[in-house]
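Numbers for residues simply follow the sequence, beginning at 1.
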Amino acid sequence: MMNKYAVFLRGVNVGGVKVLMKDLTQLLEQGGFSEVTTLLASGNAVLNSTVDDHLVVQEQCNELLREHYQRDIPTQVFTQEEIDELAQPFGLPLPEPVEQHHGYLTLCASPLDARELGQAIAGLNEPSPYLVTGRAVQWIVAKGTSTTNGVAKLVQAQAKRRVLTTRNHNTMLRIAKILR
């Protein structure tokens, strides 16, 4: 039986780590995965595997990337069920004007990491709304501030000690559509 997964690479195509999506597709296919599709240049892939444990798939992806690029490129691997949950209508109301805000999801290695990140957001000097959903934390950002607002800076700091990667909710919707 084939299992469907979404793979999110952290920190690619920024800071000198260049991974072309056509190369990623080829690498994953040569690594034994099937029906590999990539989305955007930020390191998003959808694939099928006979393996039914997302952590095993994640380690396989990490090892393929490490061998090919001679450096660690951490991944987060989510099941189709997890993506379906994250692709539901965004869990927080976007402030007005809605078109000037984005819903973001920071993807975490575990539900515990997500809860701890949520607690850290709650402890900011200027608390922001957030929602923990499984292994992800949903948060809102005004357009143009996705790397400079308080939550973004906190996520960047937290990413130095745990594997986190952030995606726009619209990206999650597109990935969910590919998985179906």
Any chance you could measure [X], atom [atom1], to [Y], atom [atom2], to the nearest 0.5 Å?
X    : Y    : atom1 : atom2 : value
I175 : L86  : CD1   : CG    : 10.0 Å
T25  : L27  : OG1   : CG    : 9.5 Å
T75  : L65  : OG1   : CG    : 7.0 Å
N48  : L28  : CG    : CG    : 12.0 Å
F78  : L179 : CZ    : CG    : 12.5 Å
K22  : L24  : NZ    : CG    : 12.5 Å

With a 4.5 Å limit on heavy-atom distance, are the side chains of [X] and [Y] in contact?
X    : Y    : answer
V36  : Q26  : no
L117 : L154 : yes
Q80  : I83  : no
R174 : L40  : yes
N3   : V51  : no
V137 : V151 : no
F33  : L64  : yes
Y5   : V46  : no

For the residue pair [X] and [Y], what are the closest heavy atoms and their distance?
X    : Y    : value
K18  : Y69  : O-CE2, 3.7 Å
L164 : Q158 : CD1-CB, 3.6 Å
K153 : T148 : CE-O, 3.1 Å
S34  : M2   : OG-CE, 3.3 Å
A152 : S146 : CB-O, 3.1 Å
N149 : V141 : ND2-CG2, 3.5 Å

Output, in order, the C-alpha distance, side-chain angles, deciding distance and verdict of side chain to side chain contact (heavy atoms under 4.5 Å, CB included) for N168 and Y104.
CA-CA 4 Å; N168 186 303; Y104 271 62; 4.0 Å; yes
E126 atom CD, over 12 foreign heavy atoms within 6.0 Å
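No, not enclosed.
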Heavy-atom neighbours of E29 CD exceed 12 at 6.0 Å:
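Count over threshold, so yes.
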Derivation and outcome, side chain to side chain contact (heavy atoms under 4.5 Å, CB included), residues L9 and T165
CA-CA 8 Å; L9 281 65; T165 190; over 6 Å; no
Indicate yes or no for a side-chain donor-acceptor contact from [X] to the backbone of [Y] under 3.5 Å, with no hydrogens or angles considered.
X    : Y    : answer
Q58  : V77  : yes
N44  : L39  : yes
K143 : E99  : yes
R167 : L107 : no
Q76  : V163 : yes
Q156 : T147 : yes

By ring pair (Phe, Tyr, Trp, His ring centres under 6.0 Å), which residues pair with F90, not counting sequence neighbours?
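With sequence neighbours excluded, F90 shows a ring pair (Phe, Tyr, Trp, His ring centres under 6.0 Å) to H169, given in chain and number order.
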Tell me, please, which residues at least two apart from H54 pass ring pair (Phe, Tyr, Trp, His ring centres under 6.0 Å).
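Ring pair (Phe, Tyr, Trp, His ring centres under 6.0 Å) list for H54, sorted by chain: empty.
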Apply ring pair (Phe, Tyr, Trp, His ring centres under 6.0 Å) to residues W139 and Y130 and explain how you reach the verdict.
CA-CA 5 Å; W139 50 285; Y130 73 92; over 10 Å; no
Going by salt bridge (charged side-chain N to carboxylate O under 4.0 Å, His left out), name the residues that satisfy it together with E82, two or more places apart in sequence or in a different chain.
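Testing E82 for salt bridge (charged side-chain N to carboxylate O under 4.0 Å, His left out), a comparison that skips the adjacent residues, returns R135.
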